[in-house]
Amino acid sequence: MQITDVRVRKVTKEGKLKAVVSITIDDEFVVHDIKVIEGEKGLFIAMPSKKAVDGEYRDIAHPINSGTRERIQTTILNKYEESLEEEEPLVVDEM
């Protein structure tokens with residue numbers, strides 16, 4: 001499985017939610033609404049979920065092993081960090 005595209009939509013309002021991401025897998029399958037969240041230990045991702053009748057949120061789509069989750073999370077967070085760097089204004093040293 002290869003993540004062939006990552007689209008980051010940054011969230012501008014204050015709060016723990018930093019971005020909503022879509023990934024494409026093998027140029028054939030898309031997963032929308034993956035969230036980038038700022039937690040106590042740093043950034044992490046939350047897979048798309050919906051609220052069940054009992055009030056609990058359950059993932060709609062998710063990796064079934066920790067290695068795949070880590071690979072998806074690393075790819076998404078790297079792309080998110082890149083998107084933040086693109087916003088940084090260029091500083092030109094005028095000497």
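Just so you know, these numbers come straight off a predicted model, no measurement behind them. Sequential numbering from 1 along the given sequence is applied to the chain's residues.
Clustering ILVMFWY residues whenever any of their side-chain heavy atoms sit less than 4.5 angstrom apart, transitively, puts L43 in the very cluster that holds L84. Under a hydrophobic-cluster definition in which Ile, Leu, Val, Met, Phe, Trp and Tyr are linked whenever side-chain heavy atoms come within less than 4.5 Å, directly or via other members, V20 and I25 are assigned to different clusters. A continuous path of hydrophobic side-chain contacts links M47 to V36 [ILVMFWY only; heavy atoms under 4.5 Å].
Defined by atom type and a distance below 3.5 Å, a donor-acceptor pair is missing between the side-chain atoms of E70 and S66. Side chains of T4 and D27: a donor-acceptor N/O pair is present below 3.5 angstrom, by distance only. In this model, no donor atom of one side chain and acceptor atom of the other lie less than 3.5 Å apart for T75 and N78.
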Checklist entry - Passes side-chain contact (heavy atoms from CB on, under 4.5 Å), I34 versus I23? Steps please. => result CA-CA 8 Å; I34 300 171; I23 61 171; 3.8 Å; yes

Next on the checklist: Run M1 and R71 through side-chain contact (heavy atoms from CB on, under 4.5 Å) and show every step you take.
Outcome noted: CA-CA 10 Å; M1 177 192 87; R71 206 169 30 166; 3.6 Å; yes

Item to check | Stepwise side-chain contact (heavy atoms from CB on, under 4.5 Å) check, I72 with I3 | outcome: CA-CA 8 Å; I72 291 170; I3 299 172; 3.8 Å; yes

Checklist entry - H32 and S22: side-chain contact (heavy atoms from CB on, under 4.5 Å), yes or no, with the steps? => result CA-CA 4 Å; H32 295 291; S22 297; 2.8 Å; yes

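Around the CZ atom of R7, the shell of radius 6.0 Å holds no more than 12 heavy atoms that belong to other residues, nucleotides or ligands. Around CZ of F29, the count of heavy atoms belonging to other residues, nucleotides or ligands within 6.0 Å does not exceed 12.
Counting only distance, with no hydrogens or angles, the side chain of K41 and the backbone of E38 share no donor-acceptor pair below 3.5 Å. Between the side chain of Q73 and the backbone N or O of I45, at least one donor-acceptor pair lies under 3.5 Å. In this structure, the side chain of K50 does not engage the main chain of Y57 through any donor-acceptor pair within 3.5 Å. In this structure, the side chain of D59 does not engage the main chain of H62 through any donor-acceptor pair within 3.5 Å. Using modelled atom types, one side-chain atom of N65 and one backbone atom of G67 make a donor-acceptor pair closer than 3.5 Å.
Annotation for K10 and S83: closest pair NZ-O, 3.1 Å, computed over non-hydrogen atoms. Closest approach of V8 to Y80, counting heavy atoms only: CG1-CD1, 4.0 Å.
Between D33 and K35 there is no salt bridge, since none of the side-chain N atoms of the basic residue sits less than 4.0 Å from a carboxylate O of the acidic one.
V6 has its side chain within reach of V21: a pair of non-hydrogen atoms, C-beta onward, lies under 4.5 Å apart.
Distance check, rounded to the nearest 0.5 Å: CD of E40 to NZ of K16 gives 6.5 Å.
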